[in-house]
Colleague: 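Would you mind keeping the following structure in view while I ask a few things?
Since this is a predicted model, take the numbers as computed values, not measurements.
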Amino acid sequence: MKAFVLSDEITQFHWAMLKSVLLILTILPLMNAAVTLWQHTEGSSQIMIGFFALSVMSAWLVVCFMTALKATLWQMQSQHSIFEQKIFHAYRYVPMLFLSSLVAYLASQFASVL
């Protein structure tokens, strides 16, 4: 089904963008749960929980990075107006900017916890 205002290609790109941003947003509750669990344990359990949380978070960050990179490298096949092309080129960097700002935020929060 085609959109009335946007072409089908731009609509597909928009949904890929939303999926990528929502995937990146799921990092916050995961990290919060891991830090809370880590703070409520003692001794050798912290080492095990820290290792598990580090493994899960690094794998999740790689998945988020790949989806953001896929959105960043998206190419439009059809020709549109110059204005629409410029908006598209700026819009496709949103997930990577969002991911980098979220990682910077998590790094600052994690540094304050330790």
Colleague: If you measure from CG on L69 to CG on L73, what distance do you get to the nearest 0.5 Å?
Modeller: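 Separation between the atoms: 4.5 Å.
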Colleague: To the nearest 0.5 Å, what is the distance between CE on M17 and CG on L22?
Modeller: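 M17 CE to L22 CG: 12.0 Å, rounded to 0.5 Å.
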Colleague: Please determine, by modelled atom types, if W60 and T26 share a side-chain donor-acceptor pair under 3.5 angstrom.
Modeller: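 The answer is yes; a qualifying pair exists.
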Colleague: Given side chain to side chain contact (heavy atoms under 4.5 Å, CB included), test L28 with L106 step by step and report yes or no.
Modeller: CA-CA 8 Å; L28 284 174; L106 289 176; 3.9 Å; yes
Colleague: Any link between M57 and L25 through a network of hydrophobic side chains (Ile, Leu, Val, Met, Phe, Trp, Tyr) touching at under 4.5 Å?
Modeller: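 Yes: a chain of side-chain contacts under 4.5 Å links M57 to L25.
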Colleague: Can you give me the closest heavy-atom contact between N32 and T36, atom names plus distance?
Modeller: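 Between these two residues, the closest heavy atoms are O-OG1, 2.8 Å.
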Colleague: If Ile, Leu, Val, Met, Phe, Trp and Tyr residues are connected whenever their side-chain heavy atoms lie under 4.5 Å apart, and connections chain through other members, are M31 and F52 in the same group?
Modeller: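 No, because M31 and F52 fall into different hydrophobic clusters, even though each may have its own neighbours under 4.5 Å.
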Colleague: Could you see if L61 belongs to whatever hydrophobic cluster contains L54? Use Ile, Leu, Val, Met, Phe, Trp, Tyr and a side-chain cutoff under 4.5 Å.
Modeller: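 Different clusters: L61 never reaches L54 through Ile, Leu, Val, Met, Phe, Trp or Tyr contacts under 4.5 Å.
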Colleague: What closest approach, in Å, do W38 and G50 show between heavy atoms, and which atom pair accounts for it?
Modeller: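 Shortest heavy-atom contact: CD1-N, 4.1 Å.
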Colleague: In terms of ring plane angle, is the pair F13 and Y91 parallel, tilted or perpendicular, where the classes change at 30° and 60°?
Modeller: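 If you compare the ring of F13 with that of Y91, the planes turn out perpendicular.
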Colleague: Can you tell me how far the CD1 atom of I24 sits from the CG atom of L102, to the nearest 0.5 Å?
Modeller: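 Interatomic distance, I24 CD1 to L102 CG, rounded to 0.5 Å: 7.5 Å.
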Colleague: Can you tell me how far the CZ atom of R92 sits from the NZ atom of K70, to the nearest 0.5 Å?
Modeller: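 So the gap between those two atoms works out to 14.5 Å.
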Colleague: Take L99 and T67, measure what side chain to side chain contact (heavy atoms under 4.5 Å, CB included) needs, and give me the verdict at the end.
Modeller: CA-CA 10 Å; L99 178 64; T67 60; over 6 Å; no
Colleague: Grab the two heavy atoms, one from S100 and one from L97, that are nearest each other, plus how far apart they are.
Modeller: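 Result for this residue pair: OG-O, 3.0 Å.
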Colleague: With hydrophobic residues grouped by side-chain heavy-atom distances under 4.5 Å, do Y105 and I27 end up in a single group?
Modeller: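 Y105 and I27: one cluster.
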Colleague: Minimum heavy-atom separation for T41 to Q46, with atom names?
Modeller: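 Residues T41 and Q46, closest heavy atoms: O-NE2, 3.1 Å.
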Colleague: What about M48 and V56, same hydrophobic cluster or not, with Ile/Leu/Val/Met/Phe/Trp/Tyr joined at side-chain heavy-atom distances under 4.5 Å?
Modeller: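 In one cluster: no.
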Colleague: Kindly compute the distance separating CG (L23) from CE (M66), expressed to the nearest 0.5 Å.
Modeller: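 Atom-to-atom, L23:CG and M66:CE are 12.0 Å apart.
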Colleague: Look up atom CZ in F88 and atom CD in Q75, then write down how far apart they are to the nearest 0.5 Å.
Modeller: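 Result: 7.0 Å between the selected atoms.
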